[in-house]
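Atoms within each ligand, like the ligands themselves, are counted from 1 in listed order. Keep in mind that this is a model prediction, so the values were computed, not measured.
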Amino acid sequence: MKEQRRGMLLVISGPSGTGKGTLCERLLRSDPSIMFSVSATTRKPREGEVDGVHYHFMDDAQFDRLLAEDAFLEHATVHGHRYGTLKSQVETTIEAGRNVLLDIDPQGALSVMDKMPETVSVFILPPSYSALRERLRTRNTDDPDEILKRLSNAYGEVRLLKHYKYALVNDQLDPAFQRLSAIILAEKHRTIRYFPEIYED
Ligand code: ADP
Ligand code: 5GP
């Protein structure tokens, strides 16, 4: 029997510096069925970030225009910057049977889960707050004030963990990635993802 599947919406959240980006990059390299949804943001690009690849970087006026066009599946202000998931990045891909990966903050994630209850949501926890601080410091992409803001927001974000289907601690990268892959593998085999037609014979 030929397998036909519905696309899956995979949402990854967790405090800044917990390793979401690192895990997502590995996932995208290892699983060609997963497409990354490139968000819009008003945050300035970091060194090495490419417009259209990591984010669609824009100013407030451009972001407002997209809002007025109802182009966002969700949007939120996170650590003082605006971010939004573009409907165009998600809807057609899922309909075509591909899987879509969102790396978004818990406010946005809860809104997506509300609109699309079949969302596979995974919360990535750091091993400790001190490890989180160290990761943000050694990543060397944010100034000390920005790091403080991201750390103080982490406490509130972790409290939203209970709304997610899955959680894992990113203590060491290899085992954490294996746990994430196991979640995705199991989710791909949920009966809900099979087209009902294949049962009709
Ligand atoms: P996020 O996307 O959640 O903000 P990143 O993926 O940018 O986090 O990771 C933050 C920093 O922590 C990066 O420098 C990354 O290399 C490092 N990192 C990620 N996972 C681990 C891990 N398991 N152990 C140690 N450092 C890690
Ligand atoms: P960063 O500035 O470190 O790239 O991302 C900061 C936070 O914004 C992270 O928690 C990231 O998951 C979140 N984020 C990125 N894109 C989006 C988006 O489109 N919507 C929402 N709600 N959050 C996002």
Is there any N or O on [X] that sits under 3.5 Å from an N or O of ligand 2?
X	value
Ser39	yes
Ala40	no
Tyr55	yes
Glu49	no

Is there a side-chain contact between [X] and [Y] in this structure, where contact means two heavy atoms from C-beta onward sitting under 4.5 Å apart?
X	Y	result
Val90	Leu9	yes
Leu168	Leu125	no
Leu73	Lys115	yes
Phe123	Pro106	yes

Considering only heavy atoms, does [X] approach ligand 2 within less than 4.0 Å through its side chain, its backbone, both, or neither?
X	value
His75	neither
Arg43	side chain
Arg150	side chain
Ile104	both
His81	neither

Heavy atom to [atom], shortest distance: which of [options] holds it?
atom	options	result
atom 13 (C) of ligand 1	Arg46, Arg139, Arg137	Arg139
atom 15 (C) of ligand 1	Leu132, Thr18, Thr22	Thr22
atom 8 (O) of ligand 1	Gly19, Gly14, Ser16, Cys24	Gly19

Between Arg65 and Asp60, does any side-chain N to carboxylate O distance fall below 4.0 Å?
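Between Asp60 and Arg65 there is no salt bridge, as every charged N stays at least 4.0 Å from the carboxylate O atoms.
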
Do Phe63 and Tyr83 have their ring centres less than 6.0 Å from each other?
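Ring centres of Tyr83 and Phe63 not closer than 6.0 Å.
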
Quick one about Arg43 and Thr41 (side-chain donor to acceptor, distance below 3.5 Å, no hydrogens or angles considered), yes or no?
no

Quiz question: by atom type and distance under 3.5 Å, do the side chains of Ser121 and Thr119 form a donor-acceptor pair?
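No, because no side-chain N or O of Ser121 sits under 3.5 Å from a partner of the opposite role on Thr119.
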
Touching ligand 1 at all, [X]? Heavy atoms, strictly under 4.0 Å?
X	result
Gly17	yes
Ala176	no
Pro15	yes
Asn170	yes

Considering only heavy atoms of [X], which atoms of ligand 1 have at least one such atom less than 4.0 Å away?
X	result
Lys20	1 (P), 2 (O), 3 (O), 4 (O), 6 (O), 8 (O)
Gln172	23 (N)
Gly21	1 (P), 2 (O), 6 (O)

Output yes when a side-chain donor or acceptor of Lys149 lies under 3.5 Å from a complementary backbone atom of His79, and no otherwise.
yes

Please work out whether any backbone atom (N, CA, C, O) or any side-chain heavy atom from C-beta onward of Asp171 is under 4.0 Å from ligand 1, and answer side chain, backbone, both or neither.
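The part of Asp171 near ligand 1 is the backbone, not the side chain.
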
Suppose I only count heavy atoms of Arg46 and a 4.0 Å limit; which atoms of ligand 2 are within that range?
1 (P), 2 (O), 3 (O), 4 (O)

Quick one: which ligand 2 atoms are inside 4.0 Å of a heavy atom on Ala76?
22 (N)

Which heavy atom of the protein is the closest neighbour of atom 23 (N) of ligand 2, given with residue, atom name and distance?
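For this ligand atom, the closest protein heavy atom is Asp105 N, 3.1 Å.
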
